[in-house]
Amino acid sequence: MPEQLQLDQLPLIGEAWIYHVFAVVLASLVAAYVAKRVLDHVQKRAERTRNIWDDALVEAARRPAWVLIWSMGLMWAARITALQMDDSLAAVLDQVQRVLLIVLLTWFILRMMRQVELRLVDPAYRETPADQTTVSALGKLLRASVVITAVLVVLQSLGYSISGVLAFGGIGGIAVGFAAKDLLANFFGGLMIYLDRPFVVGNWVRSPDRNIEGTVEEIGWRLTRIRTFDKRPLYIPNAVIASIVVENPSRMTHRRIYEHIGIRYDDIARMEPIVAEVRKMLQAHEDIDQGQTLMVFFDRCSPSSVDFFIYCFTTPVWAEFHRVKEDVLLKILAIVDKHEAQVAFPTSTIHLPDALELRRAQVEGGRQRESAPELQEHGA
């Protein structure tokens, strides 16, 4: 009879936990969809401002929020299932859930730091972007601190003694220090680069001690990457950089024009007016810094020329410097030509004594007299 049929005898009615699991999974799906829509709406509002924190917060929360919703939903469903099987499994799941929450929180904080770091050096968010090298160094220190703290919290949640771990780390650190002295040397070399700031990312550097020249692309804790002018990457350990001389032409305030111009010895009388006019031209040149040393003087007597030199300073920009130097040299050559002088080139002059000239003339005359009878004989 229907009135004698018990509900728990119907299929799946006695297994109510299955419906609970289904409801938890469905709720996770709905929560993930709602969280996505909310974050999309918040991101659109955040993009209307130049505040770095709201954009960074939304971008950093996207993936951790999605993983958090689904992982917590699945853990809840797994606990419901575990209660039907083994109580000890439910305790393990509780512990896994605590560790998972710590990992997700750490992931969110690391992503937040990275997003803030990118926006601090982005001109779209700041009128005066922060120095990329400084921001990168602080970001790495903070991320390392967060990771170490998260590891200690996880160990404590698993039942390990933090004091014992720290004591073991202090003793083991001595052995690790001896075994990884090169790694530590590179680490402290990178730290000195961050503190002393001999160069930053984007600078043009070179070393007279080593065959190193190019643009700094990245300063890491172990290596510094430099892109050479032929586009080859150089990976240099920081300990090497800390022990060599490094030039930073990017920080030049001026570039120097220092050239010698030589004219012929036959034009020595024109040297003084040429030097005077060249000096006047440089003093009136708009691209020559008149606040720096400016000299034009007759300098030396070379084997094939008499030389004067120019010494002045102009813009530090590499391409612009060559344009100015070209203009100065062309004007100097025009001044030399204006005074009817010529730029000298290597020549040699042989001076013969008068007695040698007379003897050579006598020898040539004797040869002509000797050849005259022979010509007459052949003519006959």
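For this chain, numbers begin at 1 and follow the sequence in order.
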Completion exercise
Here the gap from I335 atom CD1 to L330 atom CG, rounded to the nearest 0.5 Å, amounts to 11.5 Å
Exercise for the section: Treating Ile, Leu, Val, Met, Phe, Trp and Tyr as nodes and any side-chain heavy-atom pair under 4.5 angstrom as an edge, say whether I236 and I244 lie in one connected cluster. Expected result: yes
Exercise for the section: Indicate, with yes or no, if M72 and L29 share a hydrophobic cluster defined by side-chain heavy-atom contacts under 4.5 Å among Ile, Leu, Val, Met, Phe, Trp and Tyr. Expected result: yes
Exercise for the section: Examine distances only and state if a side-chain atom of S250 and a backbone atom of W204 form a donor-acceptor pair shorter than 3.5 Å. Expected result: yes
Problem - Heavy-atom closest pair, residues A242 and G189 - result: CB-CA, 4.4 Å
Problem - Heavy-atom donor-acceptor pair, R225 side chain to E218 backbone, under 3.5 Å - result: no
Practice task
Report the distance from atom CG of L142 to atom CZ of R114, rounding to the nearest 0.5 Å.
Solution key: 13.0 Å
Practice task
Tell me whether the guanidinium CZ or amine NZ of R222 lies under 6.0 angstrom from the six-membered ring centre of Y235 and within 45° of its axis.
Solution key: no
Practice task
Supply the atom-to-atom distance I241 CD1 to L223 CG, rounded to the nearest 0.5 angstrom.
Solution key: 9.0 Å
Problem - Atom of H285, atom of D327 and distance for their closest heavy-atom approach - result: NE2-OD2, 2.6 Å
Handout entry: Any donor-acceptor pair under 3.5 Å from E247 side chain to V245 backbone
Key = no
Handout entry: Residues that H322 engages under ring pair (Phe, Tyr, Trp, His ring centres under 6.0 Å), provided they are two or more places apart
Key = W318
Practice task
State plainly whether the residues E320 and R255 are in salt-bridge range, i.e. N to O under 4.0 Å.
Solution key: no
Problem - N/O donor-acceptor pair under 3.5 Å between S207 side chain and I212 backbone - result: no
Practice task
Determine yes or no for a side-chain-to-main-chain donor-acceptor pair under 3.5 angstrom, with R111 supplying the side chain and E59 the backbone.
Solution key: yes
Exercise for the section: Any chance you could measure S304, atom OG, to Y265, atom OH, to the nearest 0.5 Å? Expected result: 8.0 Å
Practice task
Please report the closest heavy-atom contact between P198 and R251, naming both atoms and the distance.
Solution key: O-NH1, 3.3 Å
Exercise for the section: Please confirm whether the backbone N or O of H339 pairs with a side-chain atom of R270, one donor and one acceptor, at under 3.5 Å? Expected result: yes
Practice task
Report the residue from D287, L333, L282 that forms a side chain to side chain contact (heavy atoms under 4.5 Å, CB included) with V328.
Solution key: L282
Exercise for the section: Describe, in one word, how the ring planes of F297 and F309 are oriented to each other, choosing from parallel (under 30°), tilted (30 to 60°) and perpendicular (over 60°). Expected result: tilted
Handout entry: For R119, all residues meeting side chain to side chain donor-acceptor pair (under 3.5 Å), sequence neighbours excluded
Key = Q115
Handout entry: Hydrophobic cluster membership, I257 vs M281, 4.5 Å side-chain cutoff
Key = yes
Fill in the blank from the handout: Rounded to the nearest 0.5 Å, the CD1 atom of I310 sits from the CG atom of D299 at a distance of 12.0 Å
Fill in the blank from the handout: dist M295:CE -> Y258:OH (nearest 0.5 Å) comes out at 7.5 Å
Practice task
Please check if the side chain of S305 supplies one atom and the backbone of D307 the other of a donor-acceptor pair under 3.5 Å.
Solution key: no
Handout entry: Single-linkage hydrophobic cluster V153~V103, side-chain heavy atoms < 4.5 angstrom
Key = yes
Handout entry: K325 and E259, any side-chain heavy atoms less than 4.5 Å apart
Key = yes
Practice task
Tell me whether M192 is reachable from V205 by hopping between hydrophobic residues (I, L, V, M, F, W, Y) whose side-chain heavy atoms are closer than 4.5 Å.
Solution key: yes
Practice task
Compare all side-chain heavy atoms of I332 with those of F308 and state whether any distance is below 4.5 angstrom.
Solution key: yes
Practice task
Using modelled atom types only, decide if a donor and an acceptor are shared between the side chain of N203 and the backbone of V216 within a distance under 3.5 Å.
Solution key: no
Handout entry: Given I288, T293, L294, the one that forms side chain to side chain contact (heavy atoms under 4.5 Å, CB included) with F313
Key = T293
